[in-house]
Amino acid sequence: MNISKPPDNSVSDRRIALFRKKLLVWFPVNGRVFPWRVKGAGTYVLLVVEVLLQRTRAETVAAFLPHFLQRYSGWSAIASSNLDELAATLKPIGLWRRRSPALQGLAQELVAIGEKWPRRRDELEKITAVGQYLANATLLFIHGEPHPLMDSSMARLLRRYFFIRPVKADIRYDRALHAAAYRILASGHAIELNWAMLDIAASYCKSRKPLCVNCPLRQSCMHYRYLVKLR
DNA sequence: AAAACGGGGCT
DNA sequence: AGCCCAGTTTT
């Protein structure tokens with residue numbers, strides 16, 4: 001009979017492609033500029049920043065980064081640092097009690113393997129402070145593979161735009177969310193697309209009071225069409 | 001005072 | 001898959 005089975009989710013290829021296109025047009029002109037996003041940013045800066053960004057605003061990290069890099073210019077500097085001094089350095093951006101031992105543990109394990117990040121997810125996630133998000137960041141920035149920087153902001157944007165209903169599990173185990181993200185990233189420009197999604201989520205698709213009327217995605221956004229425009 | 005912020009870890 | 005944890009900023 002050759003009856004095609006229903007798609008695993010309701011997001012069409014056309015809507016994925018449209019979303020992608022809008023992001024790629026928007027980003028080069030409107031994307032946020034951060035020290036870790038500039039052309040010459042090395043892998044140390046790209047990855048250490050991801051630890052600093054955990055549960056911490058990007059603007060806060062941007063203002064703090066020069067001071068941090070002056071004291072800790074590489075993984076070996078963090079690895080050999082006095083833990084109390086590292087904690088004192090991290091105090092201004094918060095979460096220092098948890099973040100300082102985590103960051104030093106990561107640095108020490110990294111130095112121990114010659115600062116060569118594993119390519120396999122299960123090996124990455126064995127490293128201190130490396131969960132699903134940081135493993136994805138590593139695969140994206142170090143190994144050049146298309147993986148999403150799936151944080152709560154990106155999740156919120158994708159759920160609203162594609163009308164992906166939230167499940168009870170947290171975003172790390174939300175299959176529909178990750179499926180949509182991987183489809184968006186699958187055909188090139190993964191880093192720019194990730195940054196564009198984080199930027200639009202932070203600037204327009206805010207949690208409490210989203211700025212839908214100014215959002216560059218509103219024309220094709222399900223949330224805007226069905227929950228905002230018709231009010 | 002509560003929610004938000006470019007999550008990780010342990011069970 | 002569920003629960004806890006963590007500080008500074010924004011609402």
Side-chain angles (χ1 to χ4, degrees), chain A residues 23 27 30-38 41 43 45-65 67-68 83 86-110 117 121-142 146-161 166-178 180-181 184-185 190-211:
Chain A
L23 294 180
F27 183 74
N30 304 289
R32 295 179 296 178
V33 176
F34 291 119
W36 56 92
R37 288 186 178 185
V38 302
T43 57
V45 170
L46 279 167
L47 270 295
V48 80
V49 156
E50 291 296 347
V51 177
L52 304 181
L53 283 166
Q54 287 168 8
R55 310 307 305 178
T56 309
R57 283 177 178 73
E59 291 76 10
T60 302
V61 174
F64 167 78
L65 190 62
H67 172 242
F68 180 84
L83 183 54
L86 180 58
T89 302
L90 293 175
K91 259 177 193 169
I93 63 169
L95 303 176
W96 53 273
R97 193 181 284 278
R98 175 184 294 268
R99 186 155 20 208
S100 52
L103 183 57
Q104 186 169 56
L106 169 59
Q108 289 174 342
E109 292 177 37
L110 215 43
W117 295 83
R121 175 179 301 279
D122 60 337
E123 292 180 7
L124 283 169
E125 292 189 2
K126 286 180 195 164
I127 300 174
T128 301
V130 180
Q132 187 188 80
Y133 179 93
L134 201 54
N136 276 0
T138 302
L139 293 171
L140 178 69
F141 292 121
I142 304 288
H147 294 267
L149 299 173
M150 181 66 76
D151 69 334
S152 60
S153 302
M154 183 183 292
R156 186 178 59 244
L157 172 65
L158 295 177
R159 281 176 180 160
R160 284 177 175 162
Y161 183 91
V167 296
K168 296 188 177 181
D170 72 65
I171 64 176
R172 287 174 293 183
Y173 310 111
D174 192 326
R175 300 291 298 275
L177 218 43
H178 286 271
I184 291 160
L185 302 177
I191 292 176
E192 295 90 328
L193 288 165
N194 267 297
W195 285 344
M197 286 188 274
L198 294 175
D199 288 353
I200 291 176
S203 303
Y204 299 98
C205 203
K206 296 160 165 281
S207 182
R208 275 302 185 78
K209 298 192 304 177
L211 305 176

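Every chain is numbered from 1, with letters handed out A, B, ... down the list of sequences.
In 5' to 3' order, the nucleotides of DNA chain B bounding all contacts with chain A (an atom under 4.0 Å from a heavy atom) are B:dA3 to B:dG9.
Note on A:F64: nothing from the nucleic acid sits closer than 4.0 angstrom, heavy atoms only. Nucleic acid contact for A:L134: sugar-phosphate only, since backbone atoms but no base atoms lie under 4.0 Å from a heavy atom of the residue. Among the heavy atoms of the strands lying under 4.0 Å from A:A129 are primed sugar atoms or P, OP1, OP2 only; no base atom is included. As judged by a 4.0 angstrom heavy-atom cut-off over every strand, A:R32 is placed among the base-contacting residues. Within 4.0 Å of A:V130, counting heavy atoms only, lie sugar-phosphate atoms of the nucleic acid but no base atom.
Checked by atom type and distance alone, the side chain of A:R159 never pairs as donor or acceptor with a backbone atom of A:L177 at under 3.5 Å. No donor-acceptor pair under 3.5 Å is formed between the side chain of A:T60 and the backbone N or O of A:A58. Distance alone, capped at 3.5 Å, is enough to place a donor-acceptor pair between the A:D199 side chain and the A:R32 backbone.
Here the separation of C:dT9 from B:dG8, taken at their P atoms, is 22 Å to the nearest Å. For C:dT8 and B:dG9, the C1' atoms lie 22 Å apart once the distance is rounded to whole Å. Between the P atoms of B:dA3 and C:dC4, the separation comes to 16 Å (whole Å). Taking atom P on both nucleotides, B:dG6 is separated from C:dC5 by 23 Å, rounded to a whole Å.
Both A:I171 and A:S207 sit near DNA chain B, but only A:S207 has its closest nucleotide nearer the 5' end. The 5' end of DNA chain B is approached more closely, in terms of each residue's nearest nucleotide, by A:T56 than by the other of A:T56 and A:I127. Each of A:D170 and A:K209 lies near DNA chain C, and the nucleotide nearest A:D170 is the one positioned closer to the 5' end. Position along DNA chain C of the nearest nucleotide to A:W96 versus A:D174 favours A:D174 as the more 5'-ward residue.
If you check C:dC5, C:dG2, C:dT8 against the side chain of A:R98, the one that comes closest is C:dC5. Among the nucleotides C:dT9, C:dT11, C:dG2, the one closest to any side-chain atom of A:R57 is C:dT9.
Salt bridge annotation for A:K126-A:E109: absent, with no cationic side-chain nitrogen under 4.0 angstrom from a carboxylate oxygen.
Distance CG (A:L90) to C1' (C:dT8): 13 Å, rounded to an integer number of Å. The CG atom of A:L52 sits 15 Å away from the P atom of C:dT9 (whole-angstrom rounding). Taking atom NZ on A:K206 and atom P on C:dT10, their separation rounds to 10 Å, with Å as the unit.
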Query raised in the report: Where do A:W96 and A:T89 land on the side chain to side chain contact (heavy atoms under 4.5 Å, CB included) test, with the steps shown first?
Result: CA-CA 8 Å; A:W96 53 273; A:T89 302; over 6 Å; no
Query raised in the report: Given A:F68 and A:V48, is the side chain to side chain contact (heavy atoms under 4.5 Å, CB included) satisfied, shown in steps?
Result: CA-CA 10 Å; A:F68 180 84; A:V48 80; 4.0 Å; yes
Report task. Determine, stepwise, if the pair A:L185 / A:H147 fulfils side chain to side chain contact (heavy atoms under 4.5 Å, CB included). Result -> CA-CA 7 Å; A:L185 302 177; A:H147 294 267; 5.6 Å; no
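For the pair A:V49/A:F34, no side-chain contact is recorded, criterion being any heavy-atom separation below 4.5 Å from C-beta on. A:S203 has its side chain out of reach of A:L211: every pair of non-hydrogen atoms, C-beta onward, lies at least 4.5 Å apart.
A heavy atom closer than 4.0 Å to some atom of DNA chain B occurs in no member of residues 99-108 of chain A.
In this structure, A:L149 and A:E50 approach most closely via the heavy-atom pair CD1-OE2, 4.2 Å.
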